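The next block holds one structure in the form of structure tokens; read it before the comments.
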Number of protein chains: 2
Amino acid sequence: MAKRAIPDIMIGRLPVYLRALSFLALEGRQITSSQEMGDRLGISSAQIRKDLSHFGEFGKQGTGYDIMFLHDKLRQILKVDRMWDVALVGAGNLGKAIADYGGFAGKGFLITAVFDNDAAKIGMKMGIHDVTVQHVDELADTIKARGIVVGIIATPAHDAQGVARVMAEAGVKAILNYAPITITVPIGVRMQYIDPVVGLQRMTYYL
Amino acid sequence: MAKRAIPDIMIGRLPVYLRALSFLALEGRQITSSQEMGDRLGISSAQIRKDLSHFGEFGKQGTGYDIMFLHDKLRQILKVDRMWDVALVGAGNLGKAIADYGGFAGKGFLITAVFDNDAAKIGMKMGIHDVTVQHVDELADTIKARGIVVGIIATPAHDAQGVARVMAEAGVKAILNYAPITITVPIGVRMQYIDPVVGLQRMTYYL
DNA sequence: TAGATTGTTAATCGATTAACAATC
DNA sequence: TAGATTGTTAATCGATTAACAATC
């Protein structure tokens, strides 16, 4: 073990920084500071400087950070300076909304395979790239054939664990799970959860 | 200040515990242990016991936790043992998928008002409860009239901050934001973010 | 009773913040 | 140069874990 591992929680903030930098660039700004970014994001400037300093010296004393330069650096660090093929399982309401979402393409992700277990949906064209829905039985073979390492689960909860297992066995290393259930995956496979109910229930305690 | 505040991060885990307990109940189980829950959720048993012990003594030594009892307790603690009216802004693809989602009702939330700024959408019936889409100009009045305190933002990023401001001024205290942008809200208003791109980018670093 | 598991304490571990020398 | 802001260190703060007495 040579390098000290970068804390997961620190990595987790980088996409938020990247998003903020995209907006600053969109506003036509050239330079920003850890203070300004912190104010926008509700984070201390010290934390932003510390997070960034793990990966290099991206700023200039007295000046701040060049927005486009830092933006590019973060894209490289997060490995979204390229396009990742994504396999989406679940072509219901939610799956359809995900496939139709235009926000992935500019951020490093392309949904290039969609699966469902409903015969009525197989063969349908879905999403902004008109991907043809395949039967979920073809999931493993397609993942392997195309070398896909990123998956999205948008199935009912009771199917999610099974889908995750097939994905992991076929070589997927990163799974975004919309199904409202905690899933177990082998070591080396990462999961992120999106559950609006959990989000809402985290706030009702304080009401 | 009498009571020591419960850490936010601890509150954030309770919805996940609640979700797990729902599943255990669905499986017909009566009793569980901190060990079993921890195994399922990928959390240490000590953490689960410590989290729960902040709110009371819900278990029995030597036995574990009664699933339905703990389930009910967590619903009370999280204040989802009642139904919260939710105002949804944005009736596009994403808003439609959210309104159509059947998973809110059983978990304490009812989308009872939907808003958009697109004239073509006003008057449409949306979601599983056939809510009529109103113009976003009516957002503040509707929130006040109905005493709504929970909102969901599903607008494009550039509209999200404005919508959040209107919501907060009208009395909303908890906002779930699907727009891919960090939003500033007054103290006393809580935000939760759902951004699939952030979720995916948190994992690509490790690929 | 014997076995199991809680609730809780103390110790460890890790993350955040404050502060400032370096320097643009 | 004077002013500003970084990168980094040390101190603080908070969260997690290990361990075990209590007890069902």
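Chain letters run A, B, ... following the sequence lines, proteins first and then strands; every chain starts at 1. Given the structure is predicted, the values throughout are model-derived calculations rather than measurements.
Ion pair D8(A)/R190(A) flagged as a salt bridge, since at least one NZ, NE, NH1 or NH2 atom sits closer than 4.0 Å to an Asp/Glu carboxylate oxygen. A salt bridge is absent between D100(B) and K96(A); no separation between the charged side-chain nitrogens and carboxylate oxygens falls under 4.0 Å.
S34(A) comes within 4.0 angstrom of sugar-phosphate atoms only, judged by non-hydrogen atoms across all strands, and of no base.
Along DNA chain C, the nucleotide closest to S33(B) and the one closest to K50(B) are compared, and the more 5′ of them pairs with S33(B). Between A46(B) and Q61(A), it is A46(B) whose nearest contact on DNA chain C lies nearer the 5' terminus.
Here the C1' atom of nucleotide dC24(D) and the CG atom of D66(B) are 14 Å apart, to the nearest Å. At whole-Å resolution of the value, CE in M10(B) and C1' in dG7(C) are 13 Å apart. Taking atom CZ on F69(A) and atom P on dT6(D), their separation rounds to 14 Å, with Å as the unit. The distance from atom CD of Q35(B) to atom C1' of dA4(C) is 11 Å, rounded to the nearest whole Å. Per the geometry, CD1 belonging to I67(A) stands 16 Å off C1' belonging to dT6(D), to the nearest Å. Between F58(A) atom CZ and dT8(D) atom P there is a gap of 11 Å when expressed in whole angstrom units. In this structure, the CD1 atom of I11(B) is 14 Å from the C1' atom of dA15(D), given to the nearest Å. Between the CD1 atom of I6(B) and the C1' atom of dG14(D) there is a distance of 15 Å, given to the nearest Å.
Of the listed residues (V114(B), I111(B), I98(B), D116(B)), just one forms a side chain to side chain contact (heavy atoms under 4.5 Å, CB included) with M126(B), and that residue is V114(B). None of H71(A), E27(A), R75(A) except one satisfies the side chain to side chain donor-acceptor pair (under 3.5 Å) rule with S22(A); the exception is H71(A).
Pair assignment for dT17(C) gives dA10(D), based on Watson-Crick or G-U wobble hydrogen-bonding distances that are each under 3.5 Å. dG3(C) is paired with dC24(D) under the Watson-Crick or G-U wobble criterion, all donor-acceptor distances under 3.5 Å.
Here Q47(A) reaches the OP1 or OP2 of dT16(C): one of its side-chain N or O atoms lies under 4.0 Å away. Neither OP1 nor OP2 of dC24(C) sits under 4.0 Å from any side-chain N or O of Y65(A). In this model, the phosphate group of dA4(C) is not approached by any side-chain N or O of R49(B) to a distance below 4.0 Å at OP1 or OP2. Close to dT17(D), at under 4.0 Å from its OP1 or OP2, lies a side-chain N or O of S44(B).
Cation-pi geometry between K79(A) and Y205(B) is met: the NZ or CZ atom falls under 6.0 Å from the ring centre, inside 45° of the normal.
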